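Worth saying up front: this structure is predicted, and the values here are computed from it rather than measured.
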Amino acid sequence: MVAESFCPKQNDHVPFILGLQPSALVDSVARVDCSLLDRIPGERGGSIPVAIEELEDILKEVETSLRDEANDDSSSSRMKTMAGGSVANTIRGLSSGFGISSGIIGACGDDEQGQLFVNNMSSHGVDLSRLRKKKGHTAQCVCLVDELANRTMRPCLSNAVKVQAQELTKEDFKGSKWLVLRYAVLNLEVIQAAIDLAKQEGLLVSLDLASFEMVRNFKLPLLKLLESGNIDLCFANEDEATELLSFRGEQNADPIAAVEFLAKYCEWAVVTLGSNGCIARHGKEMIRVSAIGESKATDATGAGDLFASGFLYGVVKGLSLEECCKVGTCSGGSVIRSLGGEVTLENWQWMYKQMQVKGLPTPEGL
């Protein structure tokens with residue numbers, strides 16, 4: 001299959017940070033009531049893969065439900081469609097909210113969803129010269145958020161186009177400084193190929209552990225990745241960190257033990273604790289930072305992804321470990337104030353104010 005890039009390679013502009021998301025993804029996020037969730041196949045909460053026909057049926061149910069609530073004109077009642085995926089959320093946040101030159105490596109289909117992904121990411125300044133366009137479908141996900149901000153996700157990933165390991169070249173990574181990854185066993189081959197090429201070009205590598213289910217079910221490949229010494233920065237939430245330590249028989253492993261374990265292999269180790277903030281270690285320094293208290297949660301989608309944006313911004317700008325964590329809590333707090341993993345302009349402004357109050361350097365020119 002011949003793949004084409006959306007933009008020509010630009011030698012005079014190389015993204016400082018690259019994100020590998022093998023398959024472009026489009027999220028449809030909607031606030032719904034419990035009665036609609038009862039009509040959706042599968043249990044509430046979590047993420048259950050569906051076929052394209054099921055996804056289209058769910059979208060019709062949601063659209064009908066929202067039309068019935070048309071008398072409610074609040075923005076939180078409407079459905080939002082945007083480029084999605086953990087890495088895309090982090091990269092978009094770095095570019096849009098922090099002014100860090102960022103790009104995506106991956107593939108999207110030659111369909112409406114693929115064009116939507118391109119339009120959304122490029123409108124936020126993300127470099128797409130490493131995004132391959134292929135014949136086929138772009139991955140999609142429906143994310144349904146209830147009144148308690150709990151999420152029920154139904155991804156449709158089958159038959160979605162993706163970039164393959166053999167398609168990656170040194171040229172994709174040349175001149176960049178960081179590579180952002182999310183652990184996924186189905187993408188293990190392309191992840192490993194990207195790490196190998198990135199290291200040949202001198203990039204630092206950041207890895208997010210994805211989910212406790214992914215850690216639980218595919219622990220050995222993950223441990224092998226960590227033990228390789230090629231992961232410079234690792235992000236985990238509390239559930240993922242606890243699951244990672246369970247192989248040592250530590251049923252009651254605490255976040256501090258998890259950070260210490262990750263720090264054996266990574267220069268920076270971070271465990272996020274939701275409303276309790278985060279714990280991080282860099283070298284011999286360990287720090288605990290409280291969550292930002294002024295943020296009201298509407299939808300937790302992207303909280304960890306945007307925390308990573310803020311933390312990476314801090315690392316790139318040479319901030320202290322404590323300051324990196326504080327910026328992360330500000331950016332993670334900004335995205336949960338509205339639906340979806342894309343921060344609104346209003347919420348970026350809210351974040352900048354929080355950073356100023358905490359004495360943190362805000363991005364120049366934004």
[Y] backbone acceptor or donor facing [X] side chain under 3.5 Å:
| X | Y | value |
| --- | --- | --- |
| S95 | H124 | yes |
| T90 | D305 | yes |
| T138 | C108 | no |
| K219 | E243 | yes |
| R132 | E167 | yes |
| K134 | K162 | yes |
| S23 | V161 | yes |
| S176 | P15 | yes |
| R288 | S290 | no |
| Y183 | L222 | yes |

Within-4.5 Å side-chain heavy-atom neighbours: [X] and [Y]:
| X | Y | answer |
| --- | --- | --- |
| S101 | D127 | no |
| I52 | Q140 | yes |
| N347 | V335 | no |
| I292 | K358 | yes |
| V259 | L262 | no |
| T242 | F212 | no |
| T344 | K80 | yes |

Please tell me whether [X] and [Y] have a donor and an acceptor in their side chains that are separated by less than 3.5 angstrom.
| X | Y | result |
| --- | --- | --- |
| N276 | E238 | no |
| R92 | N120 | yes |
| D196 | Q192 | yes |
| N217 | E213 | no |

About how many Å separate [atom2] of [Y] and [atom1] of [X], when rounded to the nearest 0.5 Å?
| X | Y | atom1 | atom2 | result |
| --- | --- | --- | --- | --- |
| L94 | S309 | CG | OG | 4.5 Å |
| L168 | I195 | CG | CD1 | 11.5 Å |
| C330 | Q354 | SG | CD | 6.0 Å |
| L220 | E227 | CG | CD | 9.0 Å |
| C143 | D27 | SG | CG | 6.5 Å |
| L128 | I105 | CG | CD1 | 12.0 Å |

Can you give me the closest heavy-atom contact between [X] and [Y], atom names plus distance?
| X | Y | result |
| --- | --- | --- |
| I48 | P155 | O-CD, 3.3 Å |
| L25 | F117 | O-CD1, 3.3 Å |
| C141 | M153 | SG-CE, 3.9 Å |
| G84 | Q21 | O-NE2, 3.0 Å |
| F307 | C325 | CE1-O, 3.8 Å |
| A194 | L20 | CB-CD2, 3.8 Å |

task: Check the pair I100 / L312 against side-chain contact (heavy atoms from CB on, under 4.5 Å), numbers first and verdict last.
output: CA-CA 10 Å; I100 302 294; L312 280 163; over 6 Å; no

Salt-bridged, [X] to [Y], with N to O below 4.0 Å?
| X | Y | value |
| --- | --- | --- |
| D232 | K199 | yes |
| E322 | K326 | yes |
| R39 | E61 | yes |

Under 6.0 Å from the [atom1] atom of [X], do we count more than 12 heavy atoms belonging to anything else shown?
| X | atom1 | result |
| --- | --- | --- |
| L223 | CG | yes |
| E56 | CD | yes |
| E346 | CD | no |
| Q166 | CD | yes |
| H137 | NE2 | no |

task: Measure the acute angle between the ring planes of F261 and Y265, then classify it against the limits of 30° and 60° as parallel, tilted or perpendicular.
output: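 F261 vs Y265 ring planes: perpendicular.
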
- prompt: Which of parallel (below 30°), tilted (30 to 60°) and perpendicular (above 60°) describes W178 and W268?
  reply: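 Judged by the thresholds at 30° and 60°, the geometry between W178 and W268 is tilted.
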
Determine, using the 4.5 Å side-chain heavy-atom cutoff (strictly less than), whether [X] and [Y] are members of one ILVMFWY cluster.
| X | Y | result |
| --- | --- | --- |
| L157 | V26 | no |
| L188 | L244 | yes |
| V357 | L319 | no |
| V271 | I256 | yes |
| V316 | M355 | yes |

- prompt: Yes or no on side-chain contact (heavy atoms from CB on, under 4.5 Å) for V62 and M79, after CA distance, side-chain angles and deciding distance?
  reply: CA-CA 8 Å; V62 172; M79 182 160 61; 3.9 Å; yes

- prompt: Which residue pairs satisfy the ring-ring contact (aromatic ring centres under 6.0 Å, His included) criterion with at least one member in residues 312-340, sequence neighbours excluded?
  reply: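 Listed once each, the pairs are F98-Y313.
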
- prompt: Listed by chain and number, what are the salt bridge (Lys or Arg N to Asp or Glu O under 4.0 Å) partners of D146, not counting sequence neighbours?
  reply: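 Testing D146 for salt bridge (Lys or Arg N to Asp or Glu O under 4.0 Å), a comparison that skips the adjacent residues, returns none.
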
task: Go through R154 and L55 one step at a time and tell me if the side-chain contact (heavy atoms from CB on, under 4.5 Å) criterion holds.
output: CA-CA 7 Å; R154 296 294 182 262; L55 181 135; 5.8 Å; no

CA sep, side-chain torsions, deciding dist, call: L197, D172, side-chain contact (heavy atoms from CB on, under 4.5 Å): CA-CA 9 Å; L197 290 168; D172 287 323; 5.9 Å; no

